[in-house]
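In this text, all values refer to a predicted model and were calculated from it rather than measured experimentally.
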Amino acid sequence: MPIVPDTSDWTWVLERPCSDCGFRASEVDFENLPGLIRENAAAWPAVLAGVDVAARPNDHTWSGLEYAAHVRDVCRLFDERLHRLLDEDDPLLANWDQDATAVSQRYDLQDPAIVDVELEAAAQRVADSFASVRTDARQRTARRSDGPSFTVETLGTYFLHDIVHHRHDVRFDFRR
């Protein structure tokens with residue numbers, strides 16, 4: 001059964017704390033971003049090793065496997081977006097439908113061991129990409145097709161919230 005799509009505009013997390021996961025964008029130093037990405041990636045193998053990793057805790061929540069596959073794809077997407085910001089002048093970034101991707105890529109049927117390896121590789125790649133950003137490039141800009149604008153710094157913080165929030169989702173939903 002498909003999950004009800006999340007159509008929220010989460011860019012508000014750049015301006016105020018996330019009441020769900022506690023993330024505070026204002027407390028993220030860009031220099032720490034690569035380490036925080038790697039730290040988040042290190043938590044996912046335990047999720048993917050779970051006995052019921054493919055089981056949804058309820059009808060409106062992804063399974064741990066689905067969340068992990070999503071985080072892998074978010075790492076890939078934001079690595080691509082970061083490179084566009086660095087290589088192009090104020091690029092227009094297409095909106096990404098995470099729910100359509102989850103269905104079309106069959107997140108629910110993917111092999112947890114493969115997702116684990118792919119998530120680690122994607123997280124390392126995007127962490128390395130953020131680590132390589134020169135100080136004078138951090139204010140380069142891009143626009144998302146549905147309106148919001150980002151700098152390299154705010155794109156990194158927005159991305160970090162996404163993966164931190166989903167790690168929180170998995171911990172929260174699977175404690176029940």
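Note on Phe23 and Trp12: same hydrophobic cluster, where clusters join Ile, Leu, Val, Met, Phe, Trp and Tyr whose side-chain heavy atoms are under 4.5 Å apart, directly or indirectly.
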Practice item. Report the C-alpha distance between Ser26 and Arg16 in whole Å, list the side-chain angles of each, state the deciding distance to 0.1 Å, and finish with yes or no for side-chain contact (heavy atoms from CB on, under 4.5 Å). Key: CA-CA 8 Å; Ser26 64; Arg16 62 184 189 274; over 6 Å; no

Practice item. Show your reasoning for whether side-chain contact (heavy atoms from CB on, under 4.5 Å) applies to Glu88 and His83. Key: CA-CA 8 Å; Glu88 300 174 30; His83 285 283; over 6 Å; no

Exercise for review: May I have the step-by-step check of side chain to side chain donor-acceptor pair (under 3.5 Å) for Thr154 and Thr157, ending in yes or no?
Suggested key: CA-CA 5 Å; Thr154 60; Thr157 306; over 6 Å; no

Point to revise | Worked verdict on Val170 versus Arg167 for side-chain contact (heavy atoms from CB on, under 4.5 Å) | key: CA-CA 5 Å; Val170 170; Arg167 180 65 185 117; 4.0 Å; yes

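With salt bridges taken as basic N to acidic carboxylate O contacts below 4.0 Å, one links Asp108 and Arg106. At a threshold of 4.0 Å, the pair Arg76-Asp79 does not count as salt-bridged, since none of the basic side-chain nitrogens sits closer than that to a carboxylate oxygen. Salt-bridge annotation for Arg140 and Asp90: absent, with no side-chain N of the basic residue lying under 4.0 Å from a carboxylate O of the acidic one.
Counting only N and O atoms by type, the side chains of His70 and Asp73 include no donor and acceptor under 3.5 Å apart. Under the 3.5 Å distance criterion, with hydrogens and angles disregarded, a donor-acceptor pair is assigned to the side chains of Ser63 and Glu66.
Summarising the geometry, atom OG belonging to Ser149 is positioned 11.5 Å from atom CG belonging to Leu155; distances are rounded to the nearest 0.5 Å. Once rounded to the nearest 0.5 Å, the distance linking OG1 of Thr11 with NE2 of His161 reads 11.0 Å. Put simply, CZ on Arg38 and CD on Glu120 are 9.0 Å apart, with the number rounded to the nearest 0.5 Å. Distance check: Leu93 CG to Leu85 CG gives 6.0 Å after rounding to the nearest 0.5 Å. Note that CG of Leu86 is 8.5 Å distant from OG of Ser129, once rounded to the nearest 0.5 Å. Atoms CD and CZ, on Glu153 and Arg138 in that order, are 6.0 Å from each other to the nearest 0.5 Å.
Screening Tyr158, Trp10, Phe159 for a ring-ring contact (aromatic ring centres under 6.0 Å, His included) with His165, the sole residue that qualifies is Trp10.
Remark: side-chain polar atoms of Asn58 are paired, donor with acceptor, to backbone N or O of Thr61 under 3.5 angstrom. A donor-acceptor pair under 3.5 Å is formed between the side chain of Asp97 and the backbone N or O of Ala100.
The 12-atom threshold is exceeded at CG of Asn95, counting heavy atoms of other residues, nucleotides or ligands nearer than 6.0 Å. Annotation: Arg143, atom CZ; neighbour count of heavy atoms from other residues, nucleotides and ligands within 6.0 Å is above 12.
Between His166 and Tyr67, the ring planes are tilted. Angles from 30° to 60° get that label.
Contact check for Leu33 versus Ile37: side-chain heavy atoms found under the 4.5 Å cut-off. Here the side chains of Trp62 and Pro57 are not in contact, with every heavy-atom distance at 4.5 Å or above. Side-chain contact check for Thr135 versus Phe30: every heavy-atom pair is 4.5 Å or farther apart. Inter-residue side-chain proximity for Cys75 and Gln124 is flagged as unmet; no heavy-atom pair is nearer than 4.5 Å. Here the side chains of Trp96 and Arg81 are in contact, with some heavy-atom distance below 4.5 Å. Considering only heavy atoms from C-beta on, Gln110 comes within 4.5 Å of Gln105 through its side chain.
Closest approach of Val133 and Ala137 over heavy atoms only: CG1-CB, 4.2 Å.
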Name each donor-acceptor pair under 3.5 Å that joins a side chain in residues 39-49 to protein atoms two or more places apart or in another chain, with its distance.
unit_1, atom_1, unit_2, atom_2, d
Asn40, OD1, Trp44, NE1, 2.9
Asn40, ND2, Ile163, O, 3.1

